[in-house]
There are 2 protein chains.
Amino acid sequence: MNPLQELRQRYKQLAKNLPHPARQDYEAACQRELLPKGYYLCRQGAICRQVATLESGSARVFHLKGTTEVSTAFLFPGDFVTSFQSFYLQVPSQSAIQLMEESQVTLLSYQTLQKLKATYREIDEIDRLSNDYYTMWLEERIFSLQFHSATERYADLLHNEPHLVQKVPLSYIASYLGITLETLSRIRAKVS
Amino acid sequence: MNPLQELRQRYKQLAKNLPHPARQDYEAACQRELLPKGYYLCRQGAICRQVATLESGSARVFHLKGTTEVSTAFLFPGDFVTSFQSFYLQVPSQSAIQLMEESQVTLLSYQTLQKLKATYREIDEIDRLSNDYYTMWLEERIFSLQFHSATERYADLLHNEPHLVQKVPLSYIASYLGITLETLSRIRAKVS
DNA sequence: AAGCTGATTTGACAAATGTCAAAACCAGTC
DNA sequence: GACTGGTTTTGACATTTGTCAAATCAGCTT
């Protein structure tokens, strides 16, 4: 496994094995909800006040550009879901976050997370590591967007997140790769 | 000013106004050097063991892809310079960092920074904020790469970092924008 | 099985960008 | 002022990707 994936494992392990006092406070502070497909965890232009942990289901982050939506991320069980800039700076979000299926999520507000981080070193550490992971994930994505052709980017995706291609509609994937639906369709025809 | 630039200001302010005890320890721990143009702060494949603060001069981060270099960042006075993944995980770097001119830099090793962060809340805060800034900067860059045409990306750059276009050779800028030198040249001819 | 609806594929053509080679430009040097 | 090496621009043409319209496919409903 590469360093990036190890890091992901590491913070997920830490989150799962949160020791007792921290765990208890965390459980008490967060809010578990079963939300329907299509639910907005954050709307574009609104301040993202919570971070969600996906227990089941899936979500996507996208930006509304005029009339078209451009997807920038897809999230799955175990992932922390939030609009990074909006959440950490508490400023309006540049993108929206929407559930792609009915999902079980655990919600934590900005203020609560701040308190938990200040109280428990372990929670602070998880927050830090997951942010580091996100940063490195972004670096990898830039790599792909900047250096690779559409065909290569699709191959990258297939390689890095094969499950994603099964579950996510092609129109979302196309915008995520920065190409049109038609081009993606042609790439797929060639490959297979 | 947008939230991103405010954040940048904020961590630079904090760094400049580091209170006495922390400042003294920091000064003692770091290493000031005047390094020549072309000097490698980190080579591709090596572990990046230090973070540099640029006092004067400039640097660029690039990736060697076969025979061609693709630039991924340009750094100027006041910026912290390191290979994020390599430094924070202490794993081999995917890219190289080279000085574009003779530069005065302040070097801090990984171990020393860890100690300083553990001892001084202020230094920890600066590290955190500068990482957050970097993350948001990456998000913006992805935005540009994923949504915008070559012409728009050049306009973005001109808008976000106008000084850069004066100081950096066009061949570096072209690869940074993910296009060829010739295409960049044609874009410039059209615009002006 | 027929009909509907949304997702995906295919076709024809246009626009953007890449490739390779040559020309022009520019700063420093003799 | 011409020479030189590196940078930038220009030209001709190839390739990739986008656009718009139509065809096909897949899953549901009746």
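Letters A, B, ... mirror the listed sequences (proteins, then strands); counts begin at 1.
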Could you check whether the rings of A:Tyr40 and A:Phe62 sit parallel, tilted or perpendicular, using 30° and 60° as the cut-offs? tilted
Picking from D:dT17, D:dT9, D:dA12, the nucleotide nearest the side-chain atoms of B:Arg186 would be D:dA12
Can you list every ring pair (Phe, Tyr, Trp, His ring centres under 6.0 Å) pair that touches residues 103-127 of chain A, not counting sequence neighbours? A:Phe87-A:Tyr110
Atom OH of B:Tyr172 and atom P of D:dT7: how far apart are they, to the nearest Å? 8 Å
Just checking B:His163: does its NE2 atom have more than 12 heavy atoms from other residues, nucleotides or ligands closer to it than 6.0 angstrom? yes
When you compare the side chains of B:Glu69 and B:Ser175, does any donor N or O come within less than 3.5 Å of an acceptor on the partner? no
Should B:Asp132 and B:Arg128 count as an ion pair when the cut-off is N to O under 4.0 Å? no
Answer yes if the ring centres of A:Tyr176 and A:Tyr172 are under 6.0 angstrom apart, and no otherwise. no
Taking any atom under 4.0 angstrom from a heavy atom of chain A, which nucleotides of DNA chain C are the first and last to qualify, 5' to 3'? C:dT8 to C:dA12
A:Glu27 and A:Arg23 ion-paired at < 4.0 Å: yes
N/O (side chain, A:Thr180) to phosphate O (OP1/OP2, D:dG18) under 4.0 Å: yes
Counting only heavy atoms and a strict 4.0 angstrom limit, can you tell me which residues of residues 147-159 of chain A come near DNA chain D? A:Ser149, A:Ala150
Please verify the inter-ring angle class for A:Phe84 with A:Tyr88; under 30° counts as parallel, over 60° as perpendicular, anything in between as tilted. tilted
